[in-house]
Amino acid sequence: MKVLLLKDAKEDDCGQDPYIRELGLYGLEATLIPVLSFEFLSLPSFSEKLSHPEDYGGLIFTSPRAVEAAQLCLEKNNKTEVWERSLKEKWNAKSVYVVGNATASLVSKIGLDTEGETCGNAEKLAEYICSRIAMESVTVYQTIPHPGIQGNLNSYYSQQGVPASITFFSPSGLTYSLKHIQELSGDNIDQIKFAAIGPTTAHALAAQGLPVSCTAESPTPQALATGIRKALQPHGCC
């Protein structure tokens, strides 16, 4: 059975996207289509803020892209040496929060200790942060999406037909892809089981009048694969 995931492919240490692998264990043939292209904005400003941890109460990395932005700042501005010598230690003296285990893994590679990755989504992480600290100045870096999906969706539908399930990984991804999916699916759209990586995306789906067949219990390949498998079973739900 074919399922469509609207996200970038990210190879792990085994050389395969973990979502494709996990869904494959349930006999589901997954295809990844990037919904958004990214442009890093305000890198000079972000680089300057990274150089002055004394001005902030901590860091919040919202996604792997945000970690990539930090790495670019260190590489392009020749800050790797000073990062290893002093900046890393100064940031580690503060709180470094992350959304999800994938982001936590990447943050650890630049030498920072993380917390909050088990919260599962941004809303729960915000509650966790508020319960632990008096809100001081915290630097949040995230990327701005730009649309870039129509051609990829056209190609998928022409070659493979209407998928059994489509998973959205962000409200932005839904915004930029829904119109094309509706046009390509036509009267068959009622056959599709729509899935969301988390509650925020699920709420965005519901706001568009789409039935949410599955919301992953946590933003992980394992949780999503389990949820989609249940949703695709006769009379299944998750």
(message) Check this for me: Glu81, atom CD, are more than 12 non-hydrogen atoms of other residues, nucleotides or ligands nearer than 6.0 Å?
(response) no
(request) Indicate whether the side chain of Ser170 and that of Ser172 have a donor and an acceptor atom separated by less than 3.5 Å. (result) no
(message) Applying a strict under-4.5 Å side-chain criterion to I, L, V, M, F, W and Y, I'd like to know whether Leu23 and Leu25 cluster together.
(response) no
(request) Could you tell me whether the side chains of Lys49 and Ser45 share a donor-acceptor contact shorter than 3.5 Å? (result) yes
(request) May I ask you to check whether Tyr97 and Glu117 show a side-chain donor-acceptor distance below 3.5 Å? (result) no
(request) Classify the side-chain pair Lys79/Ser51 by whether it contains a donor and acceptor separated by less than 3.5 Å. (result) yes
(message) Is it true that, when you exclude Glu123 itself, more than 12 heavy atoms of the residues, nucleotides or ligands shown sit nearer than 6.0 Å to its CD?
(response) no
(request) Verify the distance criterion only: is there a donor paired with an acceptor across the side chains of Ser155 and Gln159 at less than 3.5 Å? (result) yes
(request) Might you confirm whether atom CD of Glu84 has over 12 heavy atoms from other residues, nucleotides or ligands at distances under 6.0 Å? (result) yes
(message) Could you check whether any side-chain heavy atom of Ile33 comes within less than 4.5 Å of a side-chain heavy atom of Leu5, counting everything from C-beta outward?
(response) no
(message) Using ring centroids (six-membered ring only for Trp), state whether Phe169 and Tyr19 fall under 6.0 Å.
(response) yes
(message) Under a plain distance cut-off of 3.5 Å, with no hydrogens placed, do Asn92 and Glu89 share a side-chain donor-acceptor pair?
(response) no
(request) Apply salt bridge (Lys or Arg N to Asp or Glu O under 4.0 Å) to Lys88 and Asp113, showing your working. (result) CA-CA 10 Å; Lys88 179 175 66 175; Asp113 302 323; over 6 Å; no
(message) Between Ser185 and Tyr157, do the side chains contain a donor N or O and an acceptor N or O under 3.5 Å apart?
(response) yes
